[in-house]
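Notes to accompany the following structure.
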Amino acid sequence: MKKLILFAFVGTLLTVACGTKEQPTAPDVADDAISLQKNLPGDSALYGLACDGCTDSVLVFLPYSGGDPDTFDIINAFQQHRIYGHPRIGDELAVIVNPADRDEALSVVNMEMLKGEWCYMVHPTLRTAESMQKRMQRRMIERMPDSLRQLMMTPREYSLRLKRDYTVTARGGVRRRTTTDDMSPVEYPTIKRYTDWYFYNGMLILKADTIAGISKDGDVPDTDTARICLLTPDSLILDFSDHTQEYYRKE
């Protein structure tokens, strides 16, 4: 009997203690939100998932902020080729809504289709005589057989892989120059080592050489902004500030 009374007393204390414990503050999101991800300041795009019922004229969209699915008119966006990647059920999308008509989407980017490894071919260029050693200069003066020239000008495959955790890996080029590279009569373009990617107002933002958001020199991370010109299951075209790059899908 004493043991029963003791257990009951201890249980009462535990109940009181748990009931008076301060609860953690809930994040400032809707109760029915399906993601804790928030837009960056100034980003007006909507992020969410494609739902059943999407056609070439209508987008059925479940926003990450929660609530019922929204339906957007995408006729003009489709005709103006601003639907980048055909939406499939469950695909993650970035939607730019017409501020003058909240029922119309100006553009839609299929972020799910964007993820993966994208490749492109690069071609070498002949070094200028000023940047070559004297021995190499003499060699370049000599007659060069076409077969050798063709061998030296072999293209290489570079790639950019956009991962699901919003990190990036780049493949191709050389990280460190060697004596052999300096003696080569040709040189390949360098590749930018991006580390992170995200979307901002429908634009693809790529961060380069960052660790935990800080650049190697401790400055503001170097970023490149690219506009998506084309996105299909097998092809991608990105328009950077200084060039346009075409990619093909790497399985």
Side-chain angles (χ1 to χ4, degrees), residues 35 37 39-40 42-65 69-123 155 157-164 166 168 170 191-192 194 196-208 223-251:
S35 174
Q37 179 180 350
N39 288 31
L40 295 174
D43 186 4
S44 60
L46 299 181
Y47 300 94
L49 305 176
C51 299
D52 187 18
C54 295
T55 65
D56 292 342
S57 59
V58 173
L59 173 67
V60 183
F61 175 78
L62 180 63
Y64 281 155
S65 57
D70 295 323
T71 301
F72 295 105
D73 178 3
I74 58 172
I75 294 178
N76 290 334
F78 182 80
Q79 293 176 345
Q80 297 174 10
H81 306 288
R82 295 180 63 86
I83 305 297
Y84 307 105
H86 185 74
R88 299 166 299 184
I89 299 176
D91 283 352
E92 184 178 13
L93 307 178
V95 179
I96 301 296
V97 179
N98 186 350
D101 184 2
R102 300 297 296 179
D103 292 329
E104 181 186 21
L106 297 178
S107 68
V108 179
V109 178
N110 191 330
M111 297 173 61
E112 194 69 29
M113 187 179 294
L114 189 63
K115 299 170 186 176
E117 187 169 6
W118 297 96
C119 300
Y120 59 101
M121 302 300 293
V122 298
H123 295 267
E157 184 182 70
Y158 287 10
S159 71
L160 193 67
R161 184 181 179 187
L162 305 180
K163 299 182 181 180
R164 293 186 176 275
Y166 297 98
V168 183
I191 186 172
K192 206 159 190 178
Y194 296 112
D196 303 277
W197 71 279
Y198 60 91
F199 261 80
Y200 188 83
N201 286 326
M203 306 287 282
L204 176 63
I205 309 298
L206 296 166
K207 285 186 178 181
T223 61
D224 285 335
T225 300
R227 180 177 63 88
I228 298 177
C229 300
L230 175 70
L231 176 60
T232 69
D234 300 320
S235 302
L236 171 66
I237 300 179
L238 296 180
D239 184 22
F240 292 88
S241 60
D242 56 350
H243 72 287
T244 298
Q245 184 64 59
E246 298 183 6
Y247 302 84
Y248 57 89
R249 173 77 73 178
K250 186 76 170 182
E251 297 295 340

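Positions are given from 1 along the sequence.
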Query - Separation of Y64 OH from Y47 OH (nearest 0.5 Å) - result: 10.5 Å
**Report entry** Worked verdict on K207 versus Y166 for side-chain contact (heavy atoms from CB on, under 4.5 Å)
**Finding:** CA-CA 10 Å; K207 285 186 178 181; Y166 297 98; over 6 Å; no
Query raised in the report: From I237 CD1 over to L231 CG, what is the distance, rounded to the nearest 0.5 angstrom?
Result: 10.0 Å
Report summary line: Closest heavy-atom pair, L106 versus P99, reported as atoms and distance to 0.1 Å, is CD1-CD, 4.2 Å
Query - Qualifying salt bridge (Lys or Arg N to Asp or Glu O under 4.0 Å) pairs with a residue from residues 228-245, counting only residues at least two apart or across chains - result: R227-D239
Report task. Side-chain contact test, heavy atoms from C-beta onward, threshold under 4.5 Å: evaluate it for W118 versus R249 and give yes or no. Result -> yes
Query raised in the report: What's the shortest heavy-atom distance between L40 and Y198, and which atoms?
Result: CD1-CE1, 3.6 Å
**Report entry** Contact check, side chains of F72 and L46, non-hydrogen atoms, under 4.5 Å
**Finding:** yes
Report task. To the nearest 0.5 Å, tell me how far L230 CG sits from L236 CG. Result -> 7.5 Å
Query - Pairs involving residues 75-115, ordered by first then second residue, that meet ring pair (Phe, Tyr, Trp, His ring centres under 6.0 Å) (sequence neighbours left out) - result: none
Report summary line: Residues C119 and K250: closest non-hydrogen pair is SG-CB, 3.3 Å
Report summary line: CG of L114 to CG of L93, rounded to nearest 0.5 Å, is 12.0 Å
Query raised in the report: What closest approach, in Å, do M113 and P233 show between heavy atoms, and which atom pair accounts for it?
Result: SD-N, 3.6 Å
Query raised in the report: Can you pull the ring pair (Phe, Tyr, Trp, His ring centres under 6.0 Å) pairs that have at least one residue in residues 223-251, sequence neighbours excluded?
Result: Y120-Y247, F240-H243
Query raised in the report: If you look at every heavy atom in E92 and L49, which pair is closest and at what distance?
Result: CA-CD2, 4.0 Å
Query raised in the report: Please, which pairs that meet salt bridge (Lys or Arg N to Asp or Glu O under 4.0 Å) have at least one residue in residues 99-108, sequence neighbours excluded?
Result: none
Query raised in the report: Are F199 and L204 side-chain neighbours, meaning at least one heavy-atom pair lies under 4.5 Å?
Result: yes
Query raised in the report: Got a second to check how far R164's CZ is from K115's NZ, nearest 0.5 Å?
Result: 5.0 Å
For a quick test of your reading: what N or O donor-acceptor pairs under 3.5 Å do the side chains of residues 50-63 make, sequence neighbours left out?
unit_1: T55; atom_1: OG1; unit_2: S57; atom_2: N; d: 3.2
unit_1: T55; atom_1: OG1; unit_2: S57; atom_2: OG; d: 3.3
unit_1: T55; atom_1: OG1; unit_2: V58; atom_2: N; d: 3.1

Query raised in the report: Residues in salt bridge (charged side-chain N to carboxylate O under 4.0 Å, His left out) with R88, at least two apart?
Result: D91
Requested in this report: Verify, without hydrogens or angle tests, whether W197 (side chain) and R161 (backbone) share a donor-acceptor contact under 3.5 angstrom.
Outcome: no
Requested in this report: Hey, could you give me the CD1/CG distance between I96 and N201, rounded to the nearest 0.5 Å?
Outcome: 5.5 Å
